[in-house]
Amino acid sequence: MDIISLINQTAFYIGAVFVAASCIVYMHIHNSMDKPQTKIFNIALWTTILTSVFEVITIYAEPYCGQYASARIALYASDYMYFVLHNMLGMFLCYYSFFATQTFTRMTPERQTFYLLPFLISEFFIITNPWNHYTWYYDESFQFHRNWAEISVYVVGGLYYIIAIYYLIFRWYAATKKRKLMLVMSFIMTAIGIVIQFFFPGMEVELFFEAITFLGIMLSVEYDDERVDMVTRMYNREAFVQDVSYYLDTKTRFDAVLLKLTNCDTYEKMPGAFSVNEVFSSMATAIREIYKYSTCYRVTQNSIILLVLNKDEAYADMLAEKLKQLLIAGLGLPKKDERITGVIMQTKVPDEVSSVQDMLLFVDMEYNDITANKIAKGDDLHEFFERARIEKAMREGLENHRFEVLYQPVYGCKDKRINSAEALIRLNDPVLGQLLPEHFIPAAERNGMIDVISDFVLREVCRFIKGGGPDKLGIKYINVNLSVLQCMQTHFVDRVRTILKEEDVGPGRINFEIIESVAAEDYGNLSRVIRECRELGFYFSMEGYGTGYSNIYSVFSMNFNEIKLDKTILWEACISEQGRIILENSVRMIHEMGIPVVAVGVETQKQLEMVEKLDVELVQGFYFAKPLSKADVMRFAGADRHPEITI
């Protein structure tokens with residue numbers, strides 16, 4: 001047989017070799033051979049190549065069997081190896097689908113073995129065929145003939161392909177419509193090849209069509225660049241969310257070990273520092289030496305998390321310790337740089353973290369309070385999980401309208417009439433109960449919700465004013481608290497001006513309050529904010545005077561409309577001489593500056609009498625009223641309100 005004739009007769013097998021080889025080269029170029037399912041896929045591709053090669057040998061040897069004993073040996077041996085190897089492809093594809101859908105690790109050992117039984121039975125018939133000829137045989141003219149057991153080989157192969165189709169299309173959580181369509185078309189190709197070769201043995205196209213199927217699987221399953229971080233070649237945040245969601249839905253228990261670098265921003269600016277990408281590329285390479293599994297993710301710019309499935313806690317502890325040693329050793333960089341710092345966090349899912357949102361909080365939270373290069377888990381993370389629960393409550397509170405604005409009246413000290421009111425936000429969570437601002441505002445500043453919450457408060461206040469209730473009560477303006485972050489935002493003035501314009505409320509009805517510690521942080525920026533707001537007609541007050549460490553001259557130069565003493569000054573004045581002196585001198589100094597004083601925290605008759613003697617202008621506290629809902633405040637309208645009645 002000349003070479004041209006051989007190529008013509010074996011074209012489909014040669015094509016199968018080139019398709020399978022192209023897939024292998026592609027995967028090696030993309031360095032994606034670390035996943036268990038990819039290793040199975042790679043074995044299946046090599047099996048396809050070897051099967052094709054053996055069949056080419058069979059076709060080449062067949063015409064010479066009558067003349068040469070070596071040709072007969074080559075024919076029998078190559079055909080034997082063809083069947084042995086080809087029978088494995090369906091089984092490989094089936095188990096590939098188990099690993100790709102992460103089903104295999106959740107199977108019992110008995111079930112894992114059960115799926116092997118059909119293959120073992122059909123392979124038994126193939127292996128014993130030289131002695132019993134149950135599967136195929138050659139006649140005296142060396143013509144190939146099928147026997148009854150070959151039908152079982154086709155049935156078993158078809159069964160494995162059906163199982164693979166089911167798992168990849170219906171049990172693969174990352175399957176999009178396009179991927180499903182490609183998988184369906186790929187398996188249709190295999191079905192066409194099997195049917196053609198079964199009914200027309202001379203048209204040997206089955207293996208080529210199977211190679212095309214593997215190509216389709218590679219493009220739809222193995223090609224996951226949209227799920228991969230390009231720097232580390234680990235999975236990215238999107239893949240992390242998909243995988244964690246899948247594990248939680250399937251009630252899979254696992255440990256999560258997070259390595260977070262805590263000073264990336266400052267480190268990269270240091271002289272001679274590596275770039276962040278260089279750090280993470282080196283770190284990813286080193287981590288792969290420690291953890292051979294594919295469940296590694298770069299979830300933020302400065303953190304990598306490993307999901308440890310089907311291992312005991314001791315294994316996760318060991319892995320965390322190895323990451324700690326890697327961090328101390330320099331993250332695999334060419335030159336150790338001790339200026340890089342980080343922490344290792346370890347948690348159990350779902351025992352400690354039970355939702356995708358909480359997992360994202362776990363990876364996104366800043367762990368600056370934890371000592372560098374330390375492993376934190378269990379009780380060490382209690383504070384951070386508490387913070388996570390509060391952030392979850394805030395997120396759900398915004399979605400389900402659980403935030404509420406209460407109002408605490410502020411009275412004139414002499415006439416005991418309502419002068420103004422302070423807007424106080426509360427978060428009513430069904431699990432955590434009612435949360436005060438000091439519980440959730442710091443978290444809101446960290447996670448970016450502060451603008452949404454602050455806008456909500458200002459709009460609620462504007463709508464209350466526009467509804468006419470404050471006018472009926474004689475409320476001149478409503479005090480609205482500002483956070484540190486708001487004061488430092490360059491767009492703050494434009495934002496509040498826009499809100500008031502949309503709600504049709506004049507700026508003279510709003511008095512912004514800032515605490516003294518905020519005023520002490522940035523006098524220049526704060527002075528600009530106050531000046532611009534006052535030019536628009538807003539009022540400004542300092543709250544919590546006496547608790548910060550501000551420059552008194554700078555504070556008073558800001559020309560506040562009123563200053564609210566911190567409640568601890570009044571409470572201390574009632575129990576100590578030193579406290580009384582501080583109170584009297586604070587009030588006297590503020591009055592000499594020509595600024596009205598508000599005494600906060602008035603809860604008893606004795607406290608009221610004390611501030612009355614000092615000619616304090618305004619008073620606020622539980623002695624007069626607790627924070628009230630808008631409906632309760634409206635009950636004041638038209639009522640003869642006595643200051644000694646506490647609501």
Side-chain angles (χ1 to χ4, degrees), residues 407-424 473-482 511-520 526 530 534 539-628 636 640-647:
Y407 300 89
Q408 187 172 31
V410 179
Y411 289 83
C413 192
K414 292 183 179 180
D415 59 16
K416 306 301 186 293
R417 290 183 176 275
I418 298 178
N419 175 79
S420 57
E422 181 177 1
L424 301 166
L473 292 169
I475 293 176
K476 299 175 183 178
Y477 51 79
I478 293 181
N479 306 325
V480 177
N481 292 282
L482 295 181
N511 178 34
F512 288 119
E513 293 185 356
I514 57 172
I515 61 174
E516 182 187 1
S517 59
V518 177
L526 186 57
I530 292 176
R534 286 176 67 88
Y539 293 103
F540 254 90
S541 297
M542 174 184 285
E543 182 184 19
Y545 177 82
T547 58
Y549 301 94
S550 52
N551 181 303
I552 294 178
Y553 175 80
S554 298
V555 169
F556 285 110
S557 68
M558 292 183 186
N559 196 23
F560 289 108
N561 294 95
E562 60 188 32
I563 291 181
K564 302 177 78 169
L565 300 177
D566 189 76
K567 59 187 178 183
T568 58
I569 294 180
L570 176 59
W571 293 351
E572 186 64 29
C574 293
I575 60 176
S576 73
E577 180 65 17
Q578 184 182 27
R580 183 188 63 78
I581 294 172
I582 294 174
L583 172 64
E584 291 178 355
N585 282 281
S586 296
V587 173
R588 177 180 56 78
M589 182 174 60
I590 296 171
H591 278 162
E592 288 178 356
M593 294 289 181
I595 303 175
V597 177
V598 183
V600 179
V602 178
E603 298 183 353
T604 66
Q605 181 69 32
K606 179 181 178 181
Q607 291 171 343
L608 177 60
E609 291 172 354
M610 181 175 289
V611 297
E612 284 177 332
K613 292 177 182 178
L614 298 174
D615 293 327
V616 168
E617 287 81 1
L618 300 169
V619 288
Q620 177 182 349
F622 285 4
Y623 180 76
F624 296 95
K626 295 180 180 180
L628 305 168
F636 279 68
D640 184 13
R641 173 74 178 143
H642 191 280
E644 297 182 25
I645 300 176
T646 301
I647 296 179

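In this text, all values refer to a predicted model and were calculated from it rather than measured experimentally.
Closest approach of P596 and N561 over heavy atoms only: CD-O, 3.1 Å. Taking each heavy atom of I595 and E562 in turn, the nearest pair found is CG2-CA, 3.7 Å.
With sequence neighbours left out, N479 forms a side-chain hydrogen bond (donor to acceptor under 3.5 Å, both in side chains) with N511, E513. E584 is linked by a salt bridge (charged side-chain N to carboxylate O under 4.0 Å, His left out) to R580, counting only residues two or more places apart in sequence or in another chain. For F512, the ring pair (Phe, Tyr, Trp, His ring centres under 6.0 Å) partners are F492, F538, F540, not counting sequence neighbours.
Between the side chains of E572 and S576, at least one donor N or O lies within less than 3.5 Å of an accepting N or O.
Expressed to the nearest 0.5 Å, how far CD1 of I418 lies from CG of L618 amounts to 12.5 Å. Put simply, OH on Y411 and CG on N419 are 11.0 Å apart, with the number rounded to the nearest 0.5 Å. Taking CE of M610 as the reference point, atom CD of E612 lies at 11.5 Å (rounded to 0.5 Å). Atoms CD and NZ, from Q620 and K564 in turn, are 4.0 Å apart once rounded to the nearest 0.5 Å.
Listed for the E617 side chain is no donor-acceptor partner under 3.5 Å among the backbone atoms of C413.
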task: Determine, stepwise, if the pair L570 / E603 fulfils side-chain contact (heavy atoms from CB on, under 4.5 Å).
output: CA-CA 10 Å; L570 176 59; E603 298 183 353; over 6 Å; no

field: Full working for side-chain contact (heavy atoms from CB on, under 4.5 Å) between L565 and V611
entry: CA-CA 11 Å; L565 300 177; V611 297; over 6 Å; no

- request: Determine, step by step, whether V598 and E543 satisfy the side-chain contact (heavy atoms from CB on, under 4.5 Å) criterion, reporting the C-alpha distance in whole Å, the side-chain angles of both residues, the deciding distance to 0.1 Å, and the verdict.
  value: CA-CA 9 Å; V598 183; E543 182 184 19; over 6 Å; no

Worked verdict on I590 versus Y545 for side-chain contact (heavy atoms from CB on, under 4.5 Å): CA-CA 10 Å; I590 296 171; Y545 177 82; 4.1 Å; yes

- request: Take R588 and E592, measure what salt bridge (charged side-chain N to carboxylate O under 4.0 Å, His left out) needs, and give me the verdict at the end.
  value: CA-CA 6 Å; R588 177 180 56 78; E592 288 178 356; 3.3 Å; yes

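Remark: of the listed residues M593, H591, M589, M542, M542 is the sole one forming a side-chain contact (heavy atoms from CB on, under 4.5 Å) with I563.
For Q578, the CD atom counts as loosely surrounded, since its 6.0 Å shell holds 12 or fewer non-hydrogen atoms of other residues, nucleotides or ligands.
At least one side-chain heavy atom of Q408 sits under 4.5 Å from a side-chain heavy atom of F622. Residues F560 and I530 have side chains in contact (heavy-atom distance under 4.5 Å, counting atoms from C-beta outward). Between V600 and I569, every side-chain heavy-atom pair lies at or beyond the 4.5 Å cut-off.
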